Structures are given as C-alpha cells and as structure tokens.
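Being a predicted model, the structure only gives us computed values, none of them experimental. Both backbone and side-chain heavy atoms feed into the values below; hydrogens, waters and symmetry mates do not.
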Amino acid sequence: MLFNILFFALPIAAQKIVLANDDGWAVAMIRAQYEALQGAGYEALLSAPAENQSGTGSSSRTPTALTEPCQFDSCPTGSPAEGANASDPHLNYVNAYPVDAVRYGIQTLSPQLFDSLPDLVVSGPNIGNNLGLSVIFSGTVGAASEASKEGIPSIAFSSGSGTSVSYTTLTSDPDSDNTRTSRTISSLAVTFVKAITAAEGAILPPNISINVNFPSTQNCAEGDYKWVLSRIFWNPFATDVNTCGSRSLPTESDVVDAGCFASVSVFDATSKTDADEDAQKYVLDRLGDFLSCLPSTADRRPK
C-alpha cells in the first residue's frame with residue numbers, strides 16, 4: 001500500500017514530548033527519562049498513573065480522587081484525580097490507567113503547557129521487557145497505541161533491567177545499580193528519539209507505533225548497544241521488508257537474547273500486531289545506518 005498525505009506533519013525534529021508509562025509517575029526510571037529528555041533540549045511533560053498500573057493494556061476508566069496515597073507517598077490521600085508536582089507543573093499524575101494518563105497529557109496538559117499538541121509521545125521505559133504476546137497486555141504499549149490513534153507518533157520503550165523504586169533514589173543513591181541502569185536506559189532512549197526524528201518529514205505513518213526493547217544492562221555498557229529492526233510475533237508466512245539480506249525479520253525476543261542489541265519493532269496501534277512491509281520500510285529508510293544486523297546475518301547486509 002502507499003501511505004497518503006495523512007502522515008503526521010511535523011517539523012524536522014520533535015521538540016515537544018509527552019512522557020507516559022504504566023509503572024507509575026514516581027518511579028526512578030520515568031523520572032530519569034524526564035530528566036534525560038530535558039537535558040537533551042526537549043520540552044517534556046510527564047503524564048502517568050498515580051500508581052503502578054502494569055499489565056492493564058488499553059484499559060480505560062474515569063480518573064477519581066485518591067482514596068490512599070499516591071505511589072511512594074508522592075501525594076496524600078484525598079488528592080484530586082489529576083495533579084502536578086508542587087515544584088514542577090510538568091510532572092503530572094492521573095489516578096486511572098496509562099491510556100487515560102497519556103490522553104490527559106495529549107488533550108489537556110500539552111495545550112496548557114506547550115500551547116500546542118505534542119510532537120511525539122514517549123511511553124516508558126518500562127521496568128521489564130515487553131516482548132511478543134506481552135505487548136497486548138502492556139500498559140506501556142497501550143499508552144503508545146493510544147497516542148498513535150489520537151494522531152501523535154509514539155514509541156514504547158522497555159528495559160530488561162531496573163527495579164520499581166522511588167525517584168528520590170536518583171539523588172539519594174546516585175551510584176546504585178538501579179540509578180545507573182535508569183540513567184543508561186534513559187540515555188539510550190534519547191539516542192533513539194534523536195535518530196527517528198532527525199530526518200525531515202513525518203516521523204511515522206498514521207496508526208503506526210514502534211516497540212523498542214533493551215536487554216539487561218548487566219553485561220552491556222551504553223556504547224555497546226546496537227539497534228536491530230525486528231518483529232513482535234514469529235510468522236513464517238509473513239513477508240517483511242528486505243534488510244540484512246532477508247525478507248524475514250528476527251523476533252524481538254531473538255534480538256534481545258543475542259547480547260547488547262535493542263529490538264525495534266514496527267506495529268499497528270489498533271491491533272498491536274506487526275505492521276506491514278510498507279510501514280517497516282518507512283522506519284528502515286528513516287533510520288538508515290542507525291540500524292544494525294544481528295551477527296549471524298551482518299555479513300549479508302546489502303552494502
């Protein structure tokens with residue numbers, strides 16, 4: 001198929017980013033990502049669930065006032081359904097599901113704080129990989145899917161490393177394994193955001209999102225990571241984009257199991273299944289030499 005002019009019309013580089021997740025607004029990983037985006041020069045706002053909502057997929061409900069404190073006591077019982085950090089209005093919670101939080105970020109917070117809709121939604125990094133069937137149930141992927149369906153290009157990031165601890169540990173325990181992991185994964189996510197938004201034109205076709213998974217940082221330094229185009233589900237009958245000498249992309253599980261390789265899967269935001277060859281090619285062409293091949297096929301990649 002040929003994509004039409006409904007592509008997301010954006011400037012050369014996305015500058016205004018809504019950040020979401022399903023692990024909760026007060027975890028160290030999402031706050032590290034917020035700081036990394038700001039440090040890279042992006043305008044970012046966080047709109048995430050008041051509590052951990054992992055595994056809620058694309059569930060939705062009306063936000064309600066808090067009947068117990070927010071995650072890690074980051075807001076008291078009785079707080080309103082939506083609220084902001086007292087010292088930074090760009091840090092926001094929504095007492096509902098990830099889909100509701102990202103919708104609030106797009107429809108309400110972005111016009112208020114950016115005077116426009118966002119250029120991009122970054123969902124995650126999730127604490128734990130979202131591979132294969134788990135994308136159906138992932139709130140991180142659900143938030144990215146919702147953004148795409150609302151007309152905003154999106155990326156879901158997930159990490160094989162990290163733990164669910166308070167954002168306060170980023171400063172109280174800066175040398176801990178989790179803080180180092182959060183900083184590394186957040187920096188890698190910024191690297192990918194820069195790569196996918198660098199070229200002129202639309203970031204992604206309509207209703208298309210990207211699922212990125214990082215393997216554990218245990219044996220990988222930040223500079224060791226390479227990026228491999230992949231698919232979510234194994235399908236021997238599918239015809240994928242021609243890359244690395246093959247018309248069959250590796251599964252994202254195969255990629256992250258291969259070492260210091262991050263999987264990059266292009267998916268349909270409505271069905272949460274692998275996108276077709278045309279959408280894969282769009283992302284392949286946009287990323288170009290940023291992408292690598294798995295070692296077993298590297299010598300067969302077209303020069």
Discussion item. Please evaluate residues F290 and I196 with respect to the criterion side chain to side chain contact (heavy atoms under 4.5 Å, CB included), reporting the C-alpha separation (whole Å), side-chain torsions for both, the decisive distance (0.1 Å), and the verdict.
Written reply: CA-CA 9 Å; F290 180 79; I196 196 67; over 6 Å; no
Discussion item. Applying salt bridge (Lys or Arg N to Asp or Glu O under 4.0 Å) to D278 and K281, what does each step give before you reach the verdict?
Written reply: CA-CA 5 Å; D278 289 328; K281 186 177 187 304; over 6 Å; no
Discussion item. For A26, is there any backbone N or O sitting under 3.5 Å from a side-chain donor or acceptor partner on Q71?
Written reply: yes
Fill in: Sidechain-backbone polar pair: T181 side chain, D177 backbone, donor-acceptor under 3.5 Å
yes
Worksheet item: Can you tell me how far CD of E82 sits from OG1 of T108, rounded to the nearest 0.5 angstrom?
Response: 7.5 Å
Worksheet item: Distance only, no hydrogens: is a donor on one side chain within 3.5 Å (strictly under) of an acceptor on the other, for N207 and T270?
Response: yes
Worksheet item: Do side-chain atoms of S209 reach the backbone of S154 as a donor and acceptor pair under 3.5 angstrom?
Response: yes
Discussion item. Between Y282 and I208, is the side chain to side chain contact (heavy atoms under 4.5 Å, CB included) condition met? List the steps.
Written reply: CA-CA 10 Å; Y282 189 87; I208 295 296; over 6 Å; no
Worksheet item: If two hydrophobic side chains count as joined below 4.5 Å and joins carry through other members, does V256 share a cluster with V264?
Response: no
Worksheet entry | V18 to G105 - nearest heavy-atom pair and separation | CG2-O, 3.8 Å
Worksheet item: If you measure only the distance, is there a donor-acceptor pair under 3.5 Å linking the side chains of N21 and T140?
Response: no
Worksheet item: What are the two closest heavy atoms between L229 and V283, and how far apart are they?
Response: CD1-CG1, 4.4 Å
Discussion item. How long is the straight-line distance from CG of D257 back to CG of L131, given to the nearest 0.5 Å?
Written reply: 8.0 Å
Worksheet item: So T197 and Y42, side chain to side chain contact (heavy atoms under 4.5 Å, CB included) or not? Walk me through it.
Response: CA-CA 12 Å; T197 61; Y42 296 99; 4.2 Å; yes
Worksheet item: If you group Ile, Leu, Val, Met, Phe, Trp and Tyr by side-chain heavy-atom gaps below 4.5 Å, do I210 and L188 land in one group?
Response: yes
Item to complete: Side-chain contact test, heavy atoms from C-beta onward, threshold under 4.5 Å: evaluate it for K272 versus S58 and give yes or no.
Response: yes
Discussion item. Do D22 and S138 have side chains that approach each other closer than 4.5 Å (heavy atoms only, starting at C-beta)?
Written reply: yes
Practice prompt. Check whether any side-chain heavy atom of C260 lies under 4.5 Å from a side-chain heavy atom of N219, and answer yes or no.
Written response: no
Discussion item. If I take atom OG from residue S116 and atom CD from residue Q15, how far apart are they, to the nearest 0.5 angstrom?
Written reply: 11.0 Å
Worksheet item: Do the non-hydrogen side-chain atoms of W227 and V212 ever get within less than 4.5 Å of each other?
Response: yes
Worksheet item: Hydrophobic cluster mates of V135, side-chain heavy atoms under 4.5 angstrom, ILVMFWY only, any path?
Response: L133, I136, F137, V141, I232, F233, F267
Fill in: Main-chain N/O of R61 paired with D100 side-chain donor or acceptor, under 3.5 Å
yes
Worksheet item: Does some side-chain heavy atom of W234 sit less than 4.5 Å from a side-chain heavy atom of S253?
Response: no
Item to complete: Measure from the ring center of F72 to the ring center of W25 and say whether it is less than 6.0 Å.
Response: no
Discussion item. Test your reading of the model: is there a side-chain donor-acceptor pair from S186 to the backbone of Q33, 3.5 Å cut-off?
Written reply: yes
Fill in: T163-N178 side chain donor-acceptor pair, cut-off 3.5 Å
yes
Worksheet item: Shortest non-hydrogen contact from F261 to P295?
Response: CZ-CD, 3.5 Å
Fill in: Whether F192 and F157 hold their rings parallel, tilted or perpendicular, with breakpoints at 30° and 60°
perpendicular
Practice prompt. Give a yes or no answer on whether the side chain of S148 reaches the backbone of S145 with a donor-acceptor pair at less than 3.5 Å.
Written response: no
Item to complete: Look at the side chain of T169 and the backbone N and O of S166, then say whether any donor-acceptor pair between them is shorter than 3.5 Å.
Response: yes
Practice prompt. Kindly say whether S176 contributes a backbone atom to a donor-acceptor pair with the side chain of T179 at under 3.5 angstrom?
Written response: no
Practice prompt. If the plane angle is over 60° it's perpendicular, under 30° parallel, otherwise tilted; pick one for F214 and Y225.
Written response: perpendicular
Fill in: Name of the residue among N130, D23, N126 meeting side chain to side chain donor-acceptor pair (under 3.5 Å) with S54
D23
Practice prompt. With rounding to the nearest 0.5 Å, note down the distance linking CZ in R183 to CD in E222.
Written response: 12.0 Å
Practice prompt. Give a yes or no on whether Y97 and V102 share a hydrophobic cluster (residues Ile, Leu, Val, Met, Phe, Trp, Tyr; joining criterion: side-chain heavy atoms under 4.5 Å apart).
Written response: no
Item to complete: State plainly whether the residues R247 and E277 are in salt-bridge range, i.e. N to O under 4.0 Å.
Response: yes
Practice prompt. Mind checking the CG-CD spacing from N129 to E252? Nearest 0.5 Å is all I need.
Written response: 8.5 Å
Item to complete: Find out if a path of hydrophobic residues (ILVMFWY) with successive side-chain heavy-atom gaps under 4.5 Å connects I17 to L91.
Response: yes
Worksheet item: What about M29 and Y167, same hydrophobic cluster or not, with Ile/Leu/Val/Met/Phe/Trp/Tyr joined at side-chain heavy-atom distances under 4.5 Å?
Response: no
Worksheet entry | Trace of the side chain to side chain contact (heavy atoms under 4.5 Å, CB included) decision for H90 with E43 | CA-CA 9 Å; H90 288 74; E43 293 184 70; 5.8 Å; no
Worksheet entry | 4.5 Å side-chain heavy-atom contact, R286 and L204 | no
Worksheet entry | Donor-acceptor pair, side chain of E51 and main chain of N95, under 3.5 angstrom | no
Worksheet item: What heavy-atom pair brings L66 and C75 nearest, and what distance separates the two atoms?
Response: CG-SG, 4.2 Å
Worksheet item: Of all heavy-atom pairs between S74 and C70, which one has the smallest distance, and what is that distance?
Response: OG-CB, 3.3 Å
Worksheet item: Taking all atoms of both residues into account, what is the closest heavy-atom pair of I30 and G24, and its distance?
Response: CG2-O, 3.7 Å
Response to the item:
d(R103 CZ, S60 OG) to nearest 0.5 Å is 4.5 Å
Worksheet item: Taking the side chain as C-beta and beyond, is there a heavy-atom pair between Y34 and D88 under 4.5 Å?
Response: yes
Worksheet item: Below 4.5 Å, heavy atoms only, C-beta onward: do K16 and S110 meet side chain to side chain?
Response: no
